[in-house]
Number of protein chains: 4
Amino acid sequence: MLCARVWRGLSPLCRGGHLTAWTRTQSHTAAAARLDLSGIYPPIATPFTAKEDVDYRRLEENLQKYNKIPFKGLVVQGSNGEYPYLTEEERVEVVRTVRRSLPADKVLMAGSGCESTGATVQLTEKMAAVGADAVLVVTPCFYKGKMDSRALIQHFTKVADCSPVPVVLYSVPANTGLELPLDAVVQLSQHPNIVGLKDSGGDITRIGLTVHKTKTQDFQVLAGSAGFLMAAYCVGAVGGVCALANVLGRELCELERLCVSGCWEEARVLQQRLIEPNAAVTRKLGVPALKQAMEWFGFHGGACRSPLQPLTEAETQQLRRDFSSNGWL
Amino acid sequence: MLCARVWRGLSPLCRGGHLTAWTRTQSHTAAAARLDLSGIYPPIATPFTAKEDVDYRRLEENLQKYNKIPFKGLVVQGSNGEYPYLTEEERVEVVRTVRRSLPADKVLMAGSGCESTGATVQLTEKMAAVGADAVLVVTPCFYKGKMDSRALIQHFTKVADCSPVPVVLYSVPANTGLELPLDAVVQLSQHPNIVGLKDSGGDITRIGLTVHKTKTQDFQVLAGSAGFLMAAYCVGAVGGVCALANVLGRELCELERLCVSGCWEEARVLQQRLIEPNAAVTRKLGVPALKQAMEWFGFHGGACRSPLQPLTEAETQQLRRDFSSNGWL
Amino acid sequence: MLCARVWRGLSPLCRGGHLTAWTRTQSHTAAAARLDLSGIYPPIATPFTAKEDVDYRRLEENLQKYNKIPFKGLVVQGSNGEYPYLTEEERVEVVRTVRRSLPADKVLMAGSGCESTGATVQLTEKMAAVGADAVLVVTPCFYKGKMDSRALIQHFTKVADCSPVPVVLYSVPANTGLELPLDAVVQLSQHPNIVGLKDSGGDITRIGLTVHKTKTQDFQVLAGSAGFLMAAYCVGAVGGVCALANVLGRELCELERLCVSGCWEEARVLQQRLIEPNAAVTRKLGVPALKQAMEWFGFHGGACRSPLQPLTEAETQQLRRDFSSNGWL
Amino acid sequence: MLCARVWRGLSPLCRGGHLTAWTRTQSHTAAAARLDLSGIYPPIATPFTAKEDVDYRRLEENLQKYNKIPFKGLVVQGSNGEYPYLTEEERVEVVRTVRRSLPADKVLMAGSGCESTGATVQLTEKMAAVGADAVLVVTPCFYKGKMDSRALIQHFTKVADCSPVPVVLYSVPANTGLELPLDAVVQLSQHPNIVGLKDSGGDITRIGLTVHKTKTQDFQVLAGSAGFLMAAYCVGAVGGVCALANVLGRELCELERLCVSGCWEEARVLQQRLIEPNAAVTRKLGVPALKQAMEWFGFHGGACRSPLQPLTEAETQQLRRDFSSNGWL
């Protein structure tokens, strides 16, 4: 596999920190050049058995269904995959499993972010080795008071220097309590192995400015939620990683098509019907709701790992209302 | 003047709180029906003399220039007008002055929000009496912990019941620390005398959902800042009240034209060049920066009232950079 | 009346901004030196009639009762007095009324803060003229992004320069969304006419540091809420302005006595029983709850001005529980 | 070793979830009864070599020095130990190392919190097996929108059910963006194997209320920072886990002595001199500053793991000032 080979070649240099500018530019530019991120990705959920083990069989059944939807690819081990609740081995094994089922022309973007730079580099290597086409690297966040641009630039630069596959930055303030500062994004966009940003914050002014200030870099911005997907396209994003795509994947691909082809009026009508269902499975009711909705739409969702709790009866009713009042149930 | 006459008729009923549904519907529907809010409005700044008195002469000179720009109208006594620093008499007098200079076909929207419901009703009456076509009513905010939907619905309903002119809701969390809850907006959109919302929060998902959930009400949403104007049009807003229109009014009207006529690619290019100048005169450097930039572009800005301070030298340079790096200076 | 005379002497100088250091030091040091703030103050509520007019008769009946409690004085037109809902005339008239009923040896601290520096200076003058012994000046807050130390130091310095009576700074972030920065407090503490701070933020580390860094200035810190009164005494505060003193005034004076006399064990027992009732009438349920509780304890509370709403039935029950579960009802 | 034996006995029951109330009460009450938490604990820093490996030799040298200070014990793998940057093996190995050096009469409290309940249970078991006397369990926080009282009560109950040693709850909102709700604390305080709370939020009103509402449970509250240590004692806390104790350990033990013996005046003088140094090594400049200050005071601090950055020159000067201006350097 190319990715792994590239990594093996880079690895000693990287670890010693003596990677020359030449080596870095050559290998990374090649790797990065081929990767077009544009399109829709579901950040797939991780099904568990009743005993909270990863249910690989059900995962594959979901994948078979997703393969029939015109997604650009899948995000594996994003926030909706409950990655903080998986061991490192599980995180890698899930990616390996997905790679086996995923057609070669679909992009597999694997979440490899950890709190420390070193752990992130190691997991990035493993993700590439099992077939990830790109890694999605979340901002470290525990010491949030210290995660300023200086620290984050250093972190992502080191990861990108060492990664055998292209890196996508990931800013998700609702979970991390931290927004990747715009000046850091702009500087990091110049790295040959950093190809884009998943922005889940949803500040459309900031997204527009990110596109504007990185326009000379072939840097790709992905909307991190379906609620502002159309607006993100409008200001220059090229796609979306949307929890709701686990449930209403075809509809989100249709929204993409309408935006890309300039059918803004029809896009608006569809976009508006997606806002409440999206909010329900993300900000309002979270991963347990996403998994419940998946069940209603023919996918395996199932329970979450503890401490995430099943929905209460009232929450389930609210969830149903948010889909049905928009004509989806 | 019609507005004042309408008010005089309503006033006794209103004060007694015995306004019948019939009366209300009749008079307000008529009033509201005529008011199309679509378009661009500068929320005009208030020039002061060196002694911090309102400088009506300079204000009129600005108005002469604004009259040549294809604005839909003007917002007078919005946040950028330093209304919290003006006495009630000054607030009214400024509106009266603007009315005299403003062509009859331009909409004069006057800020009449106060902390108490009673004071807001009274100032609304006065604004209508001196010629406001509509009032812009900000959320009361001092007791923010108590300003839930129940209180805010009651407040705006009472104001709208009593107002002789249509009411536009105004949510500006950066100043008030409070966002008008969406369920309150939806309920208030059903009032015959409430015709729209100026949303300065900039959460594009929320703006899209507001449009969606009020679509049966002929309710008009205005973007409250130039930073997300194009995205707001994209999701269904009909115009914008933009501080930056005090400085780059023609350019914002051009952005409006591009959005309305579906020239999204050109719109995007223009929008992106406006984000940093807009941030500079609002969130980042505030009203003193807005007034400084007005001077550079041929308008009278001048100083602010205390405790707003003049820009420091470093801030002035930052402001200049935010305009010049985007090709405006 | 001395205060008014002092003001008349100062006024022309002040207005011109040419007050010499000598004059300022002389007159203000004299004024400030006499004012010992130590003790407990209720920030009194403003009773209204059914028509929402100020009910001066009921106010005086409350005052008669408060006069029998060993308060150091009263705060009039603080946040609990609904000052943002009163006209300037009402604000002054309420202070005048209180002065008439208040024994000369009790301190009358009048809230005179407005958004603009000029309006604050004028209202401060009026408050002094009707008998305030000191003014409590809240941070302006509408343009919160611009209310940095520079602006706030300028604002309070100007007010203190012009005020015929000592000034107490007032930081209440729950209402204003703004905390008076510590470096501003430290610098302002050096002004001869600024004698203290009411801190309603409740960050005890900050309160301790404020005492520490102003210890050479004879600067007095007052706790702004009963919830942290004992802890504030512990780290060096000299008293408290506590909404709950409108209801449980004797108990708070007893808590003061226990703290001042070093009876910390007894103080702790009493303090702990006051936390929930205090939270109920402030942060949790606000002024309407304060007024409801006043009724239960023999004072006139009555309704609030709109848009403040009466408690719901559920809220009233919660309020009752917060008092009864701590043995007060 | 007793802890491990107890665990082996409990483990099958626990894993099956069929632990009877009787068994639980018996074993846990015995375990919990012996543990008096009162006193001062440094949450020790983890020294690294130049290559970012754990430097066990330097760690032991620090421990020899700490053993001469009258601490109640040590917290190992708290936030200041950079635990999110250590592997699980390293976390356990550091605790094992500390246990070997720590006198038997000192309490070893080991951080064992992970995001998932299952991982936390497993790490808790391991920490007990290598000699922890208690575990400090931080709130899971990634899915903060879902970490309500229901989820947190379930999480901590499960961990406490399974833990062979007593559990101390840990709320540190500055890092987690989440405060353990008071109602959850109150309910969890009834669990026989949950003996206390480390509160790093510093809301003194909340700390007082926590003491009040758990007073029938022999539940012990520890201040999580030196900035409010005296105030916390004042309202009923029994000790403190203070980053600053890594640097000024004797001084914090002296502050404890003054508080416990009722020397409040002397305590206040000492407390006030500790606020700025404490803020510098926590909120303001973080773990890198803590480690730098340790070097100045004769301990091994050294560098942090990436992405934590070394202090800039300006930060180092600020740090020095915060110690020297209070007479410590």
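Given the structure is predicted, the values throughout are model-derived calculations rather than measurements. Sequence lines set the chain letters: A, B, ... in the order given, protein chains first and strands last, and positions in each chain run from 1.
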C:Asp183 side chain to C:Gln187 side chain, donor-acceptor N/O pair below 3.5 angstrom: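 No - no donor-acceptor pair under 3.5 Å links their side chains.
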
Have B:Gln317 and B:Arg320 got a donor and an acceptor in their side chains that come within less than 3.5 Å?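 Side chains of B:Gln317 and B:Arg320: no pair found under 3.5 Å.
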
Which one, B:Lys146, B:Lys284, B:Met147, leads in non-hydrogen pairs under 4.5 Å with chain C?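 The answer is B:Lys146.
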
Among C:Leu285, C:Leu178, C:Val172, C:Asp148, which has the most heavy-atom pairs under 4.5 Å with chain B?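 Of the candidates given, the most pairs with chain B belong to C:Leu285.
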
If we define contacts as heavy-atom pairs under 4.5 Å, which of C:Gly177, C:Ala151, C:Gly118 has the most with chain B?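 When all of C:Gly177, C:Ala151, C:Gly118 are compared, C:Ala151 has the most.
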
Counting only heavy atoms closer than 4.5 Å, note whether [X] contacts chain B via side chain, backbone, both or neither.
X        : result
C:Ala119 : neither
C:Thr120 : neither
C:Glu82  : both

Measuring from [X]:[atom1] to [Y]:[atom2], what's the distance to the nearest 0.5 Å?
X        : Y        : atom1 : atom2 : value
C:Leu244 : C:Asn278 : CG    : CG    : 5.5 Å
B:Cys114 : B:Tyr83  : SG    : OH    : 8.5 Å
C:Ser79  : C:Leu290 : OG    : CG    : 11.5 Å

Which heavy atom of B:Ser163 sits nearest a heavy atom of B:Asn193, and at what distance?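 Taking every non-hydrogen atom into account, O-ND2, 2.9 Å.
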
Which heavy atom in C:Ala289 sits nearest to a heavy atom in C:Leu319, and how many Å separate them?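 Smallest interatomic distance, heavy atoms only, reads O-CD2, 3.6 Å.
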
I'd like to know if B:Arg58 pairs up with B:Asp55 as an ion pair, taking the criterion as any Lys NZ or Arg NE/NH1/NH2 lying under 4.0 Å from an Asp or Glu carboxylate oxygen.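 Salt bridge flag = yes for B:Asp55 with B:Arg58.
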
Does a side-chain N-to-carboxylate-O contact under 4.0 Å join B:Glu315 and C:Arg150?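 A salt bridge links B:Glu315 with C:Arg150.
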
How would you list, in number order, the residues of residues 301-309 of chain B that have a heavy atom less than 4.5 Å from chain C?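 So far as heavy atoms go, B:Ser306, B:Pro307, B:Leu308, B:Gln309 are the residues that approach chain C to under 4.5 Å.
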
Quick one: are B:Phe48 and B:Val54 in side-chain contact, heavy atoms under 4.5 Å?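 The answer is yes, as the side chains (C-beta and beyond) meet within the 4.5 Å cut-off.
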
Please tell me if the side chains of C:Ile44 and C:Leu59 come closer than 4.5 Å, counting only heavy atoms from C-beta onward.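 Yes; the side chains approach each other to less than 4.5 Å.
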
Quick check: under 4.5 Å, non-hydrogen atoms only, which of residues 84-92 of chain C neighbour chain B?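 Heavy-atom contacts from residues 84-92 of chain C to chain B are C:Pro84, C:Tyr85.
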
After noting the C-alpha distance and the side-chain angles of B:Thr157 and B:His191, does the key distance pass the side chain to side chain contact (heavy atoms under 4.5 Å, CB included) rule? CA-CA 7 Å; B:Thr157 299; B:His191 191 290; 4.1 Å; yes

